Amino acid sequence: MGDNTNMPTLGNQNEELILKSITMKRTTVTLSTIAIALLTITVISCKDGKKETNDKEGAHMEMGTEEGHHHESSAGEMDHGTMDHDMGSSDAQGTSVIDSYLQLKDALVADNKDEAAKSGQALASALGSFDISGYDEQQQKELSDIIEVAKEHGEHIAKSDIGHQREHFEGLGKDMVDFIAITGTSKTLYQQFCPMYNNNQGGTWLSASNEIQNPFFGSKMLTCGKVQKEIN
Amino acid sequence: MKVLKIIALVVLLGFVGIQFVPTEPNLSDVVPDTDFMSVNQVAKDIEHDLRVSCYDCHSNNTQYPWYNKVQPIAWFLEEHIKEGKEELNFNEWGDYSDRRKRSKLKSIASQIEDDKMPLSSYTLIHKDAKLSVEEKERILTLVNDLMEELDN
């Protein structure tokens with residue numbers, strides 16, 4: 001500092017000024033870019049986040065309910081077809097719910113989070129388009145309660161890590177048993193139980209095979225559990 | 001210097017501008033009959049815990065600190081609260097089916113046990129919302145009691 005003020009040459013001063021103004025400009029530009037970027041990010045990220053979830057959740061729903069008359073959609077969801085052709089056949093509707101559930105179970109057995117998420121979403125949309133009008137009043141009440149809760153489980157499974165997916169899958173066990181008790185099914189299913197899940201509180205699930213393949217622990221404890229009951 | 005001023009002005013104007021974008025504050029004077037505390041017998045201390053740690057996002061009435069009324073924070077919060085209420089609204093507890101109550105009680109227990117709720121982004125500012133070990137225990141006991149009640 002002292003040296004410069006004592007004997008500044010004209011050239012030096014100019015140089016210094018230029019340098020100063022360049023660095024200042026740079027800082028200004030950087031600072032303002034950062035400020036604007038931050039602002040945009042906050043604004044956009046809110047909107048985007050919203051849009052994304054809408055897209056995710058909306059994609060199947062729209063086709064299943066709002067535009068219920070579309071024939072096919074993305075890969076092999078059967079519920080749309082059900083809406084169109086089998087309005088009266090509760091078994092076909094129920095089958096699509098049960099099939100999505102079983103796919104979900106298989107994905108969890110295989111420790112496959114992404115597949116589980118897909119099946120969870122498929123289950124939610126199959127439930128969302130399930131027509132309860134053919135049942136009596138009391139059954140309708142119970143079915144709509146089951147569907148409301150089970151759909152929520154499916155939606156959560158669609159967007160969670162595998163631990164959380166399994167928690168919701170455990171919740172689904174009872175809902176599915178009660179659902180099938182009303183709708184019936186042409187499939188033979190096995191109600192299975194693992195006593196160790198959730199700090200030894202245990203968890204129930206359904207399988208199409210009487211062999212145990214544990215969806216709560218996956219490869220960690222594949223064969224833990226027992227068949228409790230045969231359905232059908 | 002000029003550039004800096006202009007940019008500062010633009011940013012400032014933008015900031016002021018977004019304050020006028022309307023948000024719907026989550027405020028309600030009415031505590032409905034369906035509120036968790038009306039439907040269930042809840043001890044005063046647990047009621048206090050739940051109100052402080054959960055009700056801001058899981059009821060129709062949020063206690064907003066002043067900075068939460070400022071954009072863009074208010075937007076961020078609006079989304080959070082909307083989502084929170086969709087998942088669980090203590091004010092609407094009495095309207096839930098027994099099945100849904102059971103499912104929600106299970107989720108409350110596991111979220112609290114795993115320290116996933118209250119959200120860490122929330123307790124960062126609301127220090128008092130953080131649940132101590134004892135507070136967690138007494139909430140979990142209540143949740144278990146309510147689940148047993150439902151099963152009987």
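Because the structure is predicted, anything quoted here is derived from the model rather than measured. Chain A is the first sequence line, chain B the second, and so forth, proteins listed ahead of strands; every chain is numbered from 1.
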| request: Examine whether an atom of Gln111(B) lies under 4.5 Å from a heavy atom of chain A, and if so say whether it belongs to the side chain, the backbone or both; otherwise answer neither. | output: side chain
| said: What I want to check is whether the side chains of Gln165(A) and His156(A) have a donor and an acceptor closer together than 3.5 Å. | reply: no
| request: Sort Glu78(B) into side chain, backbone, both or neither according to what part of it lies under 4.5 angstrom from a heavy atom of chain A. | output: neither
| message | Between Tyr55(B) and Asp35(B), is there a side-chain heavy-atom distance shorter than 4.5 Å? | response | yes
| said: Within the 3.5 Å criterion, strictly below it, is a donor on Gln228(A) or Gln191(A) matched to an acceptor on the partner's side chain? | reply: yes
| task | Can you tell which part of Asp175(A) gets under 4.5 Å to a heavy atom of chain B, answering side chain, backbone, both or neither? | result | both
| field | Under 4.5 Å from any heavy atom of chain A - which part of Asp114(B) | value | side chain
| If you measure only the distance, is there a donor-acceptor pair under 3.5 Å linking the side chains of Asn60(B) and Ser28(B)? | no
